[in-house]
Amino acid sequence: MSERAFYVTTPIYYISGNPHLGHAYTSIAADVLARYHRTQGDAFFLTGTDEHGGKVAAAAAAAGLHPAAWTDTLVPKWQALLARYDVQYDDFIRTTEPRHVEACVEVFERLKASGDVYLGTYEGWYCTNDETFWLESKLLDGRCPNPECRRQVQWLSEDDWFFALSKYRDRLLAYYRDHPRWVRPERAYNEMMATLEGGLDDLCISRLGLEWGVPLPGGGVMYVWLDALLNYITALDYTRGGVRFERYWPANVQLIGKEIARFHTIIWPAVLWALGLPAPELVFAHGWMTFEGEKMSKSLGNVVDPFAAAQRFGADTLRYFLLREAPFGSDFSFSEEKMRVRRNGDLGNDLGNLVKRSLAMLVRYRDGVVPASSEQSFGARFDGLGARVATALDALDFRAALETIWELVAALNRTIDERKPWELFKRGDGETLDAALYDLCEGLRWLAHLLTPFMPGTATMIWQQLGLGGTARGPWRDELVWGRLASGTRTNPSDAPLFPRMDAVVSATA
RNA sequence: GGCUCGGUAGCUCAGCGGUAGAGCGGGGGACUCAUAAGCCCUAGGCCGUAGGUUCGAAUCCUACCCGAGUCACCA
């Protein structure tokens, strides 16, 4: 059952400052999906940066730079972040690239031609900072109601372009009812359904007073959110009849933070339909990351620096921790102590130590060469394991996927204590010893395959210590067959532990 | 205020109509291949509160309490 090409996206990151761990979180999740699907067939993973808008222009001005020059200095930080966490994307789109800007203009023209974009008049209070129109009733003392803004608003009356969003309300409602799992988790689905039932207004999609954005006919720029959403198809060369688009759209999974669900699950499908395109199959809104229970924010000074964290713990430990610790749709409380516990427990004691003890016994008793086994019964119990991990991944239940993999880790640790290779060796029961050692090595080979999407670096180290060339690859249904590891394979174990124990940070003030 | 989601063992959570579960922590034990790691045994929690439905509810319904989120152009 070869699957159709798989397409996964992250939001494009709004480059208003430096990346934090939350950005890495979304990207890692997308990377795990992409890496998994790449092992099974064809996959395309898109990420990028959202570079337009008044805030970016203002930040650039403050730095004395043209917005384009300003964003040029910031984008490498995001790319460095992704590299630091071994996030392997297929394309990185910047909304300032000509391929995107030109495609946005083309989309605008098409929508105008079809009548879904029309010229109207917008009157109302406008906050320049937030680039937002506010209803009079929302204002607080005549100021912007956004608590982080509170600036003076101004009365604006301008001819603007509108998108006929309200026209798609009934279709959206029907779509939601027919596809109860297209927005997840369920909480997000419910909230969006409630929004739809409350009714929709047409969307103002132009900003006449701004210059930093996709230029529109007659002046002004495209509303940044429309500009941003379109990246998911402009990167596939949609307007240029690209093969990428044919192959990958609609997206299988679009990952978003829960705060931008409305844009992705109401406006976005309506825009796609207006273009005659199908909506994505699944939009998944993951939770917020908090620091020891409190929202991460610059003002609280508790933003976790993703570079420092990776430096201290390593990319794979972070990747494992972020996906294992909390359900993907829930908020997630980060703390170094929790991470240390996972690192030393699950990774060091269970996995790392398993690799080391298994290969050490192989060296001690069989000169490091994988023996032939006359006995295949041990592996039978893992027949459905790969399929269970795959099922969990399809549901974006990363945690369940990892728990399932750890069933194998635990079973291997257990079988060592049960079969006691050291006793078999002393007793001279070579055949039974060979069977035990083979099973351990074969289990490690399975782990390399299963861990590849989650911890690519670790998976490769296990693979290579087994003496196998390159990296673990190939569809699980073919590779996860007990007994595929060739006897006679000369292993190449390392003395260095995969996950050295980490001690708690001692308070400097103690 | 409306709506949504949670409130289960010390901690993090699973279970979601049929005699309460996992991991971690804690306690005990046997071993030695290994990163003082691994393995085995153990923990007796009014399943937020009060009602209701049912032969039977953590699991369905109602009210309430507590926490979080969200409420139209705000990553």
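Chain identifiers are assigned alphabetically (A, B, ...) following the order of the sequence lines, protein sequences preceding nucleic acid strands; residue numbering begins at 1 within each chain.
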Exercise. So, the side chain of Asn349(A) versus the backbone of Asn344(A): is there a donor-acceptor pair under 3.5 Å, distance only?
Worked result: yes

Exercise. What string of B, S and - do you get for nucleotides 22-36 of chain B 5' to 3' if you count protein non-hydrogen atoms under 4.0 Å?
Worked result: ----------SBBB-

For this session: Tell me what Trp406(A) touches on the nucleic acid: a base, only sugar-phosphate, or nothing, going by heavy atoms under 4.0 Å.
Result: nothing

For this session: With RNA chain B as reference, determine whether Ala194(A) or Arg414(A) sits nearer its 5' end, using the nearest nucleotide of each.
Result: Ala194(A)

Seminar exercise, completed: Which of rA75(B), rA72(B), rC73(B) is nearest the side chain of Tyr14(A)? It is rA75(B)

Problem set entry | Residue list, salt bridge (charged side-chain N to carboxylate O under 4.0 Å, His left out) with Lys112(A), at least two apart or on another chain | Glu109(A)

Exercise. At under 4.0 Å, does any side-chain N or O of Lys258(A) touch on OP1 or OP2 of rU4(B)?
Worked result: no

Problem set entry | Residue Glu186(A) excluded, over 12 heavy atoms near CD under 6.0 Å | no

Seminar exercise, completed: To the nearest angstrom, the CD-P distance between Glu259(A) and rC5(B) comes to 20 Å

For this session: Return yes when atom CZ of Arg181(A) has more than 12 non-hydrogen atoms of other residues, nucleotides or ligands closer than 6.0 Å, and no otherwise.
Result: no

Exercise. What integer number of Å spans the C1' atoms of rG15(B) and rA57(B)?
Worked result: 13 Å

For this session: Take atom CD1 of Ile15(A) and atom P of rA75(B), then tell me their distance rounded to the nearest Å.
Result: 14 Å

Exercise. Looking at Asp31(A) and Arg319(A), does any basic side-chain N land under 4.0 Å from a carboxylate oxygen?
Worked result: yes

Problem set entry | Watson-Crick or G-U wobble partner of rC11(B), both distances under 3.5 Å | rG23(B)

Problem set entry | Counter-base of rA50(B), judged by Watson-Crick or G-U geometry with both distances under 3.5 Å | rU62(B)

Exercise. If you measure from the C1' atom in rG10(B) to the same atom in rG27(B), how many Å do you get, rounded?
Worked result: 14 Å

For this session: Return the nucleotide paired to rG69(B): Watson-Crick means purine N1 to pyrimidine N3 with N6-O4 or O6-N4, wobble means G-U with N1-O2 and O6-N3, both under 3.5 Å.
Result: rC3(B)

Problem set entry | Residue matched to rC33(B) through Watson-Crick or wobble contacts both under 3.5 angstrom | none

For this session: In whole angstrom, give me the gap between the P atoms of rG7(B) and rC16(B).
Result: 13 Å

Exercise. What is the distance, rounded to the nearest whole Å, between atom CG of Asp201(A) and atom C1' of rC71(B)?
Worked result: 14 Å

Exercise. Centres of the Tyr232(A) and His264(A) rings: under 6.0 Å?
Worked result: yes

Problem set entry | Pairwise P distance for rC65(B) and rU49(B), with rounding to whole Å | 15 Å

Problem set entry | Asn413(A) vs rA37(B): side-chain N/O to OP1/OP2 distance below 4.0 Å | no

Problem set entry | Atom P, compared across rU59(B) and rA20(B): separation rounded to whole Å | 13 Å

Problem set entry | Nucleotide nearest Asn190(A) when distance is taken to its side chain, options rA75(B), rA72(B), rC5(B) | rC5(B)

Problem set entry | Spacing between Phe321(A) atom CZ and rU12(B) atom P, to the nearest angstrom | 13 Å

Exercise. When you compare rG45(B) with rG52(B), how far apart are their C1' atoms, in angstrom units rounded to a whole number?
Worked result: 25 Å

Exercise. Does the ring centre of Tyr25(A) sit less than 6.0 Å away from the ring centre of Phe328(A)?
Worked result: yes

Problem set entry | Main-chain N/O of Asp417(A) paired with Lys420(A) side-chain donor or acceptor, under 3.5 Å | yes

For this session: Rounded to whole angstrom, note down the C1' distance from rA43(B) over to rA9(B).
Result: 8 Å

For this session: Just name whichever nucleotide pairs with rC55(B), Watson-Crick or G-U, keeping both distances under 3.5 Å, else none.
Result: rG18(B)

For this session: Assert yes or no for the condition that the ring centre distance of Tyr320(A) to Trp406(A) is strictly below 6.0 Å.
Result: yes

Problem set entry | Interatomic distance at P, rC61(B) relative to rG6(B), whole Å | 12 Å

Seminar exercise, completed: Taken to the nearest whole Å, CG/Leu359(A) to P/rA37(B) is 21 Å

Exercise. How many Å lie between CD on Glu191(A) and P on rA72(B), as a whole number?
Worked result: 12 Å

For this session: Measure the distance from CG on Leu323(A) to C1' on rU12(B) and round it to the nearest whole Å.
Result: 16 Å

Seminar exercise, completed: 5'-most contact on RNA chain B (nearest-nucleotide basis), Gly345(A) vs Leu203(A), goes to Gly345(A)

Exercise. Between Asp227(A) (CG) and rA75(B) (P), how many Å, whole number?
Worked result: 15 Å

